[in-house]
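First the structure, in the form of structure tokens, and then the observations on it.
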Amino acid sequence: MTSGAAKAKIAAGMQASLCEYHENLYDLDQHDLIPNGVWTFEELLTYGEQSKRCPYFTVRRMISYCNIIIYSFHYLLDPKIAERVSKELSKDCIVIFDEAHNIDNVCIESLSIDITENTLQKAAHGVQKLGETIDEIKISDSQKLQDEYEKLVRGLREADEARQEDAFLANPVLPDDILTEAIPGNMRRAEHFISFLKRFIEYLKTRMKVLHVVSETPGSFLQHLKELTYIERKPLRFCSERLSYLVRSLELTDVEEYTSLKEIVIFATLVATYEKGFRLILEPYESDTATVPNPILRFACLDASIAIKPIFERFRSVIITSGTISPLDMYPKMLNFTTLIQESYSMSLARRSFLPMIVTKGADQVAISSRFEIRNDPSVVRNYGNILIEYSKITPDGFVVFFPSYLYMESIISQWQTMGVLDEVWKHKLILVETPDSQETSLALEIYRKACCNGRGAVLLSVARGKVSEGVDFDHHYGRTVLMIGVPFQYTESRILKARLEFLRDNFHIRENDFLSFDAMRHAAQCLGRVLRGKDDYGVMVLADRRFARKRNQLPKWINQALLDSESNLSTDMSLTNAKKFLRSMAQPANSEDQEGISVWTLEHLKEYQEKSKIHPNFAETAEEGNKSELPKDVAMWDVDLDDLDSLDDEDFAMTSD
Amino acid sequence: MAGKDDEDTCYVCKSSRYLNPEMRFLINTECYHKMCSNCVDRIFSYGPGPCPYPGCDKILRKNKFKEQLFDDIGVEKEVDCRARVMKVYNKTEQDFDSLEEYNAYLEEIEDLVFSLVNGVNVSEVEAKLEAQRAVKTEPRQPKKDIGGVPATPFTPFNGDRGANTLIALSDSLHDPLNEKLIDQKEFSASGYVPQVYYRRALFEAFMGICCFIDAEKTRPIETT
């Protein structure tokens with residue numbers, strides 16, 4: 001293992017083992033560790049194995065030399081990770097958040113922590129272990145601890161590069177909120193810090209014993225903590241930093257045991273740093289009906305703008321984009337920024353390749369809805385069942401169904417079973433169900449794909465907020481019809497959601513219902529978008545709920561535009577006629593040349609476009625809209641925005657939706 | 001970790017929670033040995049007595065028994081010790097000139113608590129606490145010398161418009177009606193004093209002058 005400590009030993013002439021893969025990196029120029037090109041993780045791994053160089057450190061050192069980096073949101077938004085990975089990006093970088101419809105949830109998750117009793121027990125064990133190690137080291141090598149202590153007394157911060165690379169724990173708070181003064185005196189000595197941690201963990205354990213729901217602000221939590229254990233706010237803020245020092249000076253290599261402790265310490269630092277926009281919620285029971293307590297202490301971030309603020313401050317151009325990011329004006333409110341450009345584009349397609357329809361009533365004219373009061377009515381369930389049966393008859397190959405929640409899916413499936421709906425579907429298609437278990441789901445997906453490929457066809461029953469709705473594509477024959485059963489609202493009794501709604505109302509003036517409906521519609525749009533993954537793809541989108549008719553304005557522009565007024569309030573049988581017609585016409589062989597010039601460009605088109613845009617700069621933007629015939633009308637509109645475009649350099653944010 | 005059996009059974013009377021679900025366990029801050037509330041009532045109701053645990057000869061009093069707050073007795077003990085120390089060592093960061101001094105002070109507290117908990121140099125610590133208690137009884141010194149109380153009267157804008165008076169006050173006012181009244185007995189008998197009248201007249205005339213609210217608001221507040 002190569003670590004700062006091992007290197008120091010070698011420098012002092014002692015024996016220590018180093019990692020060959022890491023040391024080989026020093027043979028090369030530090031800015032030229034891999035050849036130029038496009039690298040994926042697999043390629044990096046094989047390259048690292050061949051050349052015996054550590055791929056991990058190659059990436060970490062080369063990241064500042066890359067032209068384009070594609071990585072997960074967390075690398076930028078989660079301060080624990082961003083501190084290590086994205087620290088060296090220059091402020092001229094253009095940051096693009098793609099598929100950003102969920103960006104507020106990522107922001108919130110990156111600053112939220114859940115603590116269970118299990119975590120606390122493991123953390124207590126970790127502290128115990130740490131204490132024992134300290135006692136051992138006190139006997140064998142007391143100088144080490146003394147050195148650390150003296151460094152802390154002098155208030156030194158280490159800037160040693162080799163040490164930074166194996167830092168145990170990065171500060172979990174945002175860069176602006178890190179205190180830059182010396183570690184407080186009451187945790188400078190290792191044993192004092194251990195007793196500090198013990199007290200804090202014992203306090204949390206005591207809190208967990210409470211058998212009613214507690215929801216409090218960080219301020220009141222800290223006050224109570226101080227009354228009981230004399231732990232002040234300031235040392236608590238330094239907790240994570242201090243632990244990281246300690247682990248480093250004890251030269252601990254086996255850090256697995258301390259993961260839970262790390263979580264507790266991160267919690268400590270966060271709770272002491274942030275006063276506003278956070279809430280502590282203690283839930284003693286898992287569900288309302290449970291009798292055996294299983295307490296969870298949730299430290300929930302309610303304000304998505306906290307985590308994203310440093311990004312807006314640091315980078316000059318930030319683009320937030322997604323296929324299903326609508327309504328656009330909700331995002332600037334939630335993330336607390338002003339957009340420079342805000343645009344919604346329609347789709348540039350040569351033919352009408354998807355058919356969105358809102359089905360509001362069954363064939364018997366009974367209104368269908370997943371509203372809580374009527375969702376289990378036999379007539380509603382039967383009508384949903386009929387939709388499923390009829391569409392599984394007419395849909396070729398793959399058919400995806402989304403439910404608002406696992407709970408509702410389970411109850412409706414069992415009712416369908418007794419009604420004989422599933423037997424009927426079975427005649428036409430294989431039935432597969434998504435479960436919360438990710439392994440089961442991936443198996444189901446695999447079989448689903450197989451069934452679609454060999455012509456048997458399959459129905460996938462899945463959940464709007466599940467794994468299937470987010471990451472999995474159902475392109476071409478994998479998904480010809482997508483059916484949304486009900487509006488996918490969040491579980492409104494959740495205390496975290498309630499706290500967040502309250503926060504949004506008080507601080508950003510977003511009404512509860514507006515947010516809930518926005519959130520439901522973005523998930524619905526996300527689900528619908530699963531079937532249309534390319535220009536030659538086609539599919540039917542059925543929104544089966546009475547409430548969709550009023551919410552159609554909240555759908556992304558490209559779906560809303562394709563949704564004809566005549567198709568926004570259909571009954572099952574009418575929608576079936578439309579879908580049949582649509583599928584029949586789409587199944588005709590398509591001439592790929594028809595698309596040329598509209599949704600697919602050849603080199604000539606591109607050149608022509610460049611010529612035109614030289615003469616008339618505004619043309620560039622209109623062409624993207626894909627309707628050249630309307631050019632004169634659009635120019636005026638774009639003129640306004642282009643002025644803004646010029647000032648993009650000194651201003652910050654653009655926002656688009658494609 | 002103590003076993004389940006251990007946690008729910010009183011060491012003294014061996015009764016368990018199984019038979020008495022209402023059972024409460026109490027501890028004494030002298031020795032931190034756990035016993036049930038029934039035992040405490042039984043043994044210590046008639047006055048102080050020795051701890052029933054073998055080998056522990058501490059004399060316990062009933063009023064010192066309390067309910068255990070933390071699972072870990074060590075932490076419980078530490079928090080109690082800390083409470084004692086913090087009662088005396090209660091300076092805040094504002095009481096110190098520099099951060100280093102404050103940090104050193106914090107560390108001193110930790111050291112005291114540490115030795116109290118582990119029973120090292122207890123007498124020394126007690127002496128220190130006693131000394132600190134004596135210091136504490138003195139009135140706390142303000143951090144910086146304020147430099148004399150300003151002579152000018154209080155104004156609502158936290159500061160003054162200079163101690164020098166801008167006008168010379170004469171002690172009489174020429175007012176024919178008033179001058180006539182001064183000499184009349186019936187007025188002076190009822191407590192009429194011309195100076196009071198002058199003062200009031202002056203106040204009413206100049207009320208609000210010399211105080212410009214906007215300017216006062218923008219003036220930096222002086223802490224002296």
[X] [atom1]: over 12 foreign heavy atoms closer than 6.0 Å:
{"X": "His33(B)", "atom1": "NE2", "answer": "yes"}
{"X": "Arg42(B)", "atom1": "CZ", "answer": "yes"}
{"X": "Glu132(A)", "atom1": "CD", "answer": "yes"}
{"X": "Glu22(B)", "atom1": "CD", "answer": "no"}
{"X": "Asp57(B)", "atom1": "CG", "answer": "no"}
{"X": "Lys209(A)", "atom1": "NZ", "answer": "yes"}
{"X": "Lys128(B)", "atom1": "NZ", "answer": "no"}
{"X": "Lys64(B)", "atom1": "NZ", "answer": "no"}

Which portion of [X] sits near chain A, non-hydrogen atoms under 4.5 angstrom:
{"X": "Val79(B)", "result": "both"}
{"X": "Phe70(B)", "result": "both"}
{"X": "Ile109(B)", "result": "neither"}

Taking all non-hydrogen atoms of both residues, which atom of [X] and which atom of [Y] are closest, and how far apart?
{"X": "Lys205(A)", "Y": "Asp71(B)", "value": "CD-OD2, 4.3 Å"}
{"X": "Arg199(A)", "Y": "Val75(B)", "value": "CG-CG1, 3.8 Å"}
{"X": "Pro184(A)", "Y": "Asn103(B)", "value": "CA-OD1, 3.4 Å"}
{"X": "Glu110(B)", "Y": "Ser195(A)", "value": "OE1-OG, 4.5 Å"}

Relative to chain B, which segment of [X] carries a heavy atom at a distance below 4.5 Å: side chain, backbone, both, or neither?
{"X": "Ile201(A)", "answer": "neither"}
{"X": "Phe196(A)", "answer": "neither"}
{"X": "Phe193(A)", "answer": "neither"}

Checklist entry - Between Arg188(A), Arg189(A), Glu202(A), which shows the greatest number of heavy-atom pairs under 4.5 Å with chain B? => result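 Ranked by contacts with chain B, first place is Glu202(A).
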Next on the checklist: If we define contacts as heavy-atom pairs under 4.5 Å, which of Met187(A), Glu232(A), Lys234(A) has the most with chain B?
Outcome noted: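 Top option by heavy-atom pairs under 4.5 Å: Lys234(A).
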Nearest-0.5 Å distance, [atom1] of residue [X] to [atom2] of residue [Y]:
{"X": "Ile183(A)", "Y": "Leu106(B)", "atom1": "CD1", "atom2": "CG", "answer": "12.5 Å"}
{"X": "Glu76(B)", "Y": "Thr206(A)", "atom1": "CD", "atom2": "OG1", "answer": "8.5 Å"}
{"X": "Tyr230(A)", "Y": "Met86(B)", "atom1": "OH", "atom2": "CE", "answer": "7.5 Å"}
{"X": "Tyr102(B)", "Y": "Asn186(A)", "atom1": "OH", "atom2": "CG", "answer": "7.0 Å"}

Checklist entry - Taking it one step at a time, do Thr229(A) and Glu78(B) satisfy side-chain contact (heavy atoms from CB on, under 4.5 Å)? => result CA-CA 9 Å; Thr229(A) 61; Glu78(B) 193 196 323; over 6 Å; no
